[in-house]
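Proteins come first, then strands; the chains are lettered A, B, ... in the order of their sequence lines, and each starts at number 1.
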Amino acid sequence: MQRELVERAMAGDRDAFTELQRGSIDKLYAIARLILRDGDRAQDATQEAYIAAWRRLSGLRDPDRFEPWLRRLLVNACYHEARTQKRRVIAEGRVRPIDTGSSDPAIVTADRDELARAFEALAPEQRALIVMHYHLGLPMQETALILGLPLGTVKSRLNRTKQQMRATLEADARLPLLEGGAP
Amino acid sequence: MMSDDGLDRRLTAWLDEETAPYAPQGLSETVTERVERTHRFPSWATTERWISMETRAQFGAVPRAVIVLATLALLAALAAGAIAIGASTTPKLPPPFGAAGNGLIAFEHEGDIWVVEPSDGSRQQITSGPPLDSSPSWSRDGARLAYLSESEAGDEVSLIVTDARGNDPVAIATTASGDLAIDPWIEWSADSTEIMYNAVAPEIGSADCPYPPDGMGRCGSRLYVVKVDGSAPPRQVGDPDLDARGPALSPDGVTVAFGGGEAGSKALYLMDWDGTDVRELEGIDPTTAYAAFAQQSWSADGERIVTHDDYESGTQKIWLVEADGSGATQISDGVGHQFWPGYSPDGSAIAWNDQGSSMVIWTPDDGPVRTGIRPGEWSPDGQRLVTVRLGTLVVTDRHGEVLAELGPAVDGLESGRWQRIAP
């Protein structure tokens, strides 16, 4: 079904492309938002990825590879977006609940916040790596191909990125507890 | 102890939670409107279909027959040496090519190299500390282990060689880190005294890359040979003007097959180990895609080469070609994305990566058969494979049936490489 749509879109059928777009835009936007951590920029990157896909689709020789090809275009669009539209990062107060046991839902929230901060401290290229490997569940080889990197680079960058996240999480855990955002 | 702080699982769960379930309202319509106003490139204008007719073949001054004879003499000397070694108390070494016995399995875990004894699962940590160590590779005689090590600052990657137990590490080559570092596809010489690898030529920067700006780090890649004892710096081999990567040495120890090209065109090339007699292997079409011919492998008899073509166009397939370039045949089944083929050491089968997540085993009788397991590495006897399943290192047979689990499931485990030992 998708192959047929891709083939029609490759031949210039805009309706087929629209159908492909509607079937994939939620996932693509979600990936862009994870990488860019900004809804507006994610929308821009998603748009640019689809426009690039439409313009270059006639060159795609294997319709079965449409999806990874589109992801690659999206990642490139995210990098471009990150480079060209640097925006001011608004510092937020750090709130961490008192540790009352691992079953406390607040701890789960704290862990989530810490992970978010560690993730946001990464460069877009690092976030893309994490999203491809851990969110989409792609093996390193496929991640390497989509991100356009040698396998060895993906491996070392992934290790380096996780080390960086661990360091951030560790530093976060040592920060003075802030109650309600107040020192 | 192998560490497992659960970061992988926490990350996966958090990313799932963070994922926006739907694109914002109106985004799809906006894209549709923009597509309506956008003219597309004609197919001939896209790099994916553009096949350069430019080819390049160079012939060195040294007659090939002389090199073959010299190499045969070298191999004879090696064989004599091996016999002498066998007669002494030194452990017998395996042959440099073909089937051999199965020794230790080296693997990487969270930036360190480990070895495991497959018969009992016992492990030994080879490297530790802040540098990120990856991509272990055994020498052909099984006596040494090479791996890549990225410095703590992340600004350099070194090629390190140790003995089989991680003793006496020597950094034999170092490049700047990043996209243009040493690739993990390193190739040992027949006598295990040298390593060939590809890395960016120091004088070529990414800004000069003639290829599409895809962030690859394939630009300006050149082949280097370095002695494993660290007695001399790496020397560049081959055509200095030719992009080159993915070296694979023929079983006679003479010819290196590699992917290369210039001005955006990639093809399969051959040359001698010392970098002379560079010539394009006719018979397989060149392509504009950067990821083509990243890995090739020779049959045990040296008569065939298996390789893969491009990715950028989305048509990466497996090709089997005679060593003289004739009879190129696509042996993948045309479904999806197939890459990184490797002949079994005994030459009876070929394994390759099927869409990044599973493995295909091809034999002349059965053709391509999907195994359902993740891509792995051949055992030296060609009868088994080592791979990772659910975070555990496993040994399988050629059909993907798990024969042994080598330890507990942990985060960040990468599939291993098998040491060759005497049969």
Side-chain angles (χ1 to χ4, degrees), chain A residues 12 14 17-18 21-22 25-26 28-30 33-34 39 43 46-47 50-51 54-66 68-69 76 79 111-112 115-116 119 130-131 134-135 137-143 145 147-153 155-156 158-160 162-163 165-166 169, chain B residues 5 7-8 10-12 14-24 27-28 30-32 34-36 38 40-43 46-49 110-111 132 134-135 148 150 154 157 178-179 181-184 214-217 291 311 313-315 335-337 340 353 355-357 374-375 412 414:
Chain A
R14 282 187 163 85
F17 186 79
T18 299
Q21 178 253 107
R22 286 183 180 145
I25 197 165
D26 289 339
L28 227 59
Y29 170 76
R33 194 170 163 194
L34 283 171
Q43 287 196 54
T46 306
Q47 283 189 42
Y50 280 114
I51 297 303
W54 170 250
R55 297 179 79 174
R56 299 176 60 183
L57 190 56
S58 59
L60 180 68
R61 276 188 280 184
D62 184 353
D64 291 331
R65 295 298 293 170
F66 174 75
W69 178 74
N76 286 341
Y79 291 168
D111 189 47
R112 194 182 298 142
L115 277 170
F119 187 74
I130 293 284
V131 169
Y134 290 107
H135 178 55
L138 301 178
M140 289 214 191
Q141 292 95 332
E142 183 79 354
T143 302
L145 288 165
L147 297 182
L149 294 169
L151 178 62
T153 304
K155 287 177 178 178
S156 65
L158 196 59
N159 273 322
R160 184 72 62 191
K162 283 162 62 181
Q163 277 194 359
M165 287 192 76
R166 285 192 175 102
L169 290 167
Chain B
D5 61 2
L7 181 59
D8 291 16
R10 289 163 64 200
L11 256 179
T12 302
W14 175 76
L15 287 165
D16 287 346
E17 281 182 19
E18 281 288 298
T19 304
Y22 302 108
L27 180 58
S28 178
T30 304
V31 171
T32 302
R34 287 191 62 190
V35 165
E36 288 292 331
T38 302
R40 68 193 320 184
F41 296 148
S43 60
T46 58
T47 55
E48 287 86 345
R49 280 187 186 274
E110 297 282 357
L132 293 173
S134 65
S135 309
L148 298 181
E150 187 173 313
V157 171
D179 290 353
I182 301 170
D183 254 357
D214 49 27
M216 271 303 290
Y311 168 74
S313 64
T315 60
V335 179
H337 177 42
W340 297 346
N353 193 316
Q355 312 203 51
S357 57
R374 280 184 58 182
E414 282 298 302

Quick one: does [X]'s side chain get under 4.5 Å of [Y]'s, heavy atoms only?
X: B:Leu15; Y: A:Leu115; result: no
X: B:Leu11; Y: A:Met165; result: yes
X: A:Lys162; Y: B:Asp8; result: yes
X: B:Arg10; Y: A:Leu169; result: yes
X: B:Thr12; Y: A:His135; result: no

> Do side-chain atoms of A:Arg14 reach the backbone of B:Val35 as a donor and acceptor pair under 3.5 angstrom?
Replying inline: yes
Proximal component of [X], with respect to chain B [non-hydrogen, under 4.5 Å]:
X: A:Phe66; value: neither
X: A:Ile130; value: both
X: A:Leu34; value: side chain

> Who among A:Gln21, A:Arg33, A:Gln163 has the most heavy-atom pairs with chain B under 4.5 Å?
Replying inline: A:Gln21
>> Please find the pair of heavy atoms, one from A:Asp26 and one from B:Ala23, that lie closest to each other, and give the distance.
In response: OD1-N, 2.8 Å
> How would you list, by chain and number, every residue that makes a side chain to side chain contact (heavy atoms under 4.5 Å, CB included) with A:Gln47, sequence neighbours excluded?
Replying inline: B:Leu27, B:Thr30, B:Val31, B:Arg34
> Looking at B:Pro24, B:Ser134, B:Ala20, which has the largest count of heavy-atom pairs under 4.5 Å with chain A?
Replying inline: B:Pro24
